Amino acid sequence: MDGRNIIGRKKSGNDSGVLPVFSPGLQRTLEGSFNIATPEEVDEALALATEAAKIYGQLPPARIAAFLRAIADEIMALGDSLIQRAMQESALPQGRLEGERGRTVNQLKLFADHVEEGSWAEATIDRANPERKPFPKADIRKMLRPIGPVVVFTASNFPLAFSTAGGDTASALAAGCPVIVKAHESHLGTNALVALAIQTAAEATGMPDGVFSSLNGTGPGLGQQLVKHPLTKAIAFTGSHGAGKAIFDTAGQRDIPIPVFAEMGSINPVLLLEDALKTRGTELAQQLADSVTLGVGQFCTNPGLLIGVSGDSLNRFVEALGEAIKQKTPGIMLNQGICENFVKHKKLVVQQEGVQPYARAGQSPESNQGQPSVARVNGADFIKNTTVKMEVFGPFTLVVECADSEEMAQAIESLPGQLTGTVMGEATDFSAAVSIIESLQSKVGRILFNGVPTGVEVCHAMHHGGPYPATTDARFTSVGTDAIKRFGRPLCYQNCPEALLPEALKNNNPLGIWRVVDGKRTKESL
């Protein structure tokens with residue numbers, strides 16, 4: 001396996017040391033050693049990307065779309081070798097990774113379609129009116145233009161869909177921005193295979209040298225270099241709050257600060273309303289136990305907090321939840337660091353005042369395994385303690401037993417920003433809990449009713465973000481077609497000669513896209 005860095009059209013392996021990859025499932029070091037990128041290689045990748053941006057950002061949408069589709073085809077051409085390597089590096093099952101590959105390929109194709117359709121650029125035209133009194137009106141035209149080279153930090157829990165060719169890379173490339181990927185140390189082999197697929201697609205479709213690079217290294221080393229580099233124009237990150245906050249702070253301390261679009265986790269509260277507990281409490285318990293333990297709990301949308309009002313219905317639910325958790329088995333976690341943090345953070349939460357461990361999987365965990373667990377706490381103790389609101393990344397959830405609906409509302413108000421919030425209820429519950437549901441909406445980026453938050457649909461309407469600390473900017477999403485808007489900046493053209501206008505703003509609308517002209521949406525020429 002070729003462990004060299006990819007810098008534009010070439011492979012580079014300067015003598016700066018190598019990184020091995022350890023398999024959490026096989027408990028051994030895997031084939032391949034991966035060259036750590038040097039500062040000179042970082043400089044070269046970003047210099048190439050900066051030059052590529054001048055060409056790539058001006059390409060017709062059809063050319064960019066062809067590039068994205070070619071990446072999808074090259075990933076599929078890797079066949080079973082990609083799945084097998086990802087299985088070894090992540091301990092995720094074959095079916096999960098095949099599904100993730102499908103999601104990766106489909107979102108590349110979705111962005112290809114989105115770029116060709118063209119309305120994402122928000123082309124807006126206000127025509128001149130020289131006869132207007134007392135002052136003539138200028139011709140004003142505006143659209144989103146590519147922001148420039150984007151550094152993508154890949155995620156540990158999605159080796160494909162949130163990684164080298166994942167949603168961040170796909171949306172940045174779709175926006176016309178070159179991408180430099182910082183490969184995740186846990187799946188460097190998977191990254192190498194996908195990065196080669198992207199490089200091959202770039203060459204086959206005639207993309208400029210430097211439109212894509214992939215570099216190996218650690219977060220404190222390579223990651224900080226990339227964030228501080230003056231040619232980096234934006235950052236996309238999916239991972240822990242600690243790492244995301246460090247990147248965000250570093251970017252803000254630059255001479256010229258840059259935007260950081262970081263998704264940093266969530267505990268995803270679930271409201272358990274009374275009539276739903278009465279009529280289907282046992283069913284809800286099984287449904288939520290399955291969601292909590294899905295993928296060994298290693299999803300940013302894992303339901304880590306279940307909030308209800310104390311009483312017989314909630315007691316029966318907790319009992320059924322405990323029994324369901326006891327039937328689960330420990331699973332291998334993505335890497336040793338994640339497993340150690342799971343154990344540490346779970347221990348920290350259950351040691352807090354008023355928190356009581358309630359149930360855990362009957363089978364004891366082995367090396368690098370996470371043991372499914374549930375704990376409970378009363379509403380008053382939960383509200384006053386910030387530690388119990390921390391994310392425990394793994395198969396763990398905390399039941400909050402409130403004295404009444406007023407305390408439930410206070411528990412919600414005490415929460416920091418979240419990616420998702422879920423309401424389990426009947427029609428009778430909803431009418432009685434309007435204010436509580438409105439309070440939950442203010443805390444989240446996505447609110448669900450009678451479903452589980454694990455599983456994020458890739459579509460036009462999806463929003464995968466939320467108020468801080470779930471993300472660094474609640475206005476943007478990392479999933480769905482609106483993710484492209486992170487990597488565009490508005491540029492206004494006033495009285496610009498027709499020949500100098502971008503195609504999207506020209507009078508004859510050569511791209512045939514939807515535009516807003518004098519306040520009305522149209523595809524017509526001017």
Side-chain angles (χ1 to χ4, degrees), residues 24-25 87 90-93 95-97 99-100 155-159 162 186 238-241 264-270 272 283-307 317-352 355-377 387-400 418-420 422 424 451-456:
M87 288 171 65
S90 67
L92 294 171
R96 152 72 191 271
L97 287 167
E100 194 179 322
S156 62
N157 58 336
F158 282 88
F162 278 84
S186 292
T238 300
S240 70
H241 177 264
M264 301 183 293
S266 176
I267 54 175
N268 307 297
V270 178
L272 304 165
E283 175 189 336
L284 289 176
Q286 185 63 59
Q287 185 180 15
L288 287 165
D290 292 343
S291 183
V292 167
T293 57
L294 182 67
V296 203
Q298 297 167 119
F299 290 95
C300 52
T301 53
N302 189 51
L305 193 65
L306 312 177
I307 307 174
F317 166 83
V318 172
E319 183 178 349
L321 178 66
E323 289 302 315
I325 289 292
K326 290 175 184 177
Q327 299 305 311
K328 300 294 183 180
T329 57
I332 299 171
M333 302 197 78
L334 291 158
N335 59 52
Q336 185 177 354
I338 286 176
C339 188
E340 290 173 352
N341 280 328
F342 170 65
V343 173
K344 180 176 72 174
H345 294 157
K346 181 173 67 170
K347 182 179 180 180
L348 182 60
V349 168
V350 299
Q351 286 178 338
Q352 299 303 301
V355 178
Q356 301 174 343
Y358 181 72
R360 61 186 181 185
Q363 182 179 324
S364 297
E366 297 179 1
S367 177
N368 208 47
Q369 288 188 334
Q371 185 176 32
S373 309
V374 58
R376 58 199 301 182
V377 64
T387 301
V388 297
K389 301 177 181 72
M390 70 182 293
E391 180 185 31
V392 179
F393 190 68
F396 171 80
T397 194
L398 178 66
V399 179
V400 181
Q418 305 291 324
L419 292 172
T420 76
T422 301
M424 299 293 194
V452 292
T454 42
V456 182

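Not measured: the values here are computed from a predicted model.
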Q | Set of residues satisfying salt bridge (Lys or Arg N to Asp or Glu O under 4.0 Å) with respect to R360, sequence neighbours excluded | A | none
Q. Considering residues at least two apart in sequence or located in another chain, which fulfil the salt bridge (Lys or Arg N to Asp or Glu O under 4.0 Å) criterion with E283?
A. none
Q. Which residues satisfy the ring-ring contact (aromatic ring centres under 6.0 Å, His included) test with F299, sequence neighbours excluded?
A. F158
(Q) Just to verify, what does F317 make a ring-ring contact (aromatic ring centres under 6.0 Å, His included) with, not counting sequence neighbours? (A) none
(Q) Tell me if a side-chain donor or acceptor on N302 pairs with a main-chain N or O of G394 at a distance below 3.5 Å. (A) yes
Q. Is it true that a side-chain atom of Q356 and a backbone atom of R376 form a donor plus acceptor pair closer than 3.5 Å?
A. no
Are [X] and [Y] close enough that some pair of their side-chain heavy atoms sits under 4.5 Å apart?
X    : Y    : value
Y358 : V318 : yes
L288 : L272 : yes
C339 : Q298 : no
P269 : Q418 : yes
C300 : T238 : no
D290 : K328 : yes
T422 : V452 : no

Q: Output every pair passing salt bridge (charged side-chain N to carboxylate O under 4.0 Å, His left out) with a member in residues 331-343, not counting sequence neighbours, ordered by first then second residue.
A: none
Q: For T397 and G304, work out which heavy atoms get closest and say how close.
A: OG1-C, 3.2 Å
(Q) Just to verify, what does S291 make a side chain to side chain donor-acceptor pair (under 3.5 Å) with, not counting sequence neighbours? (A) T454
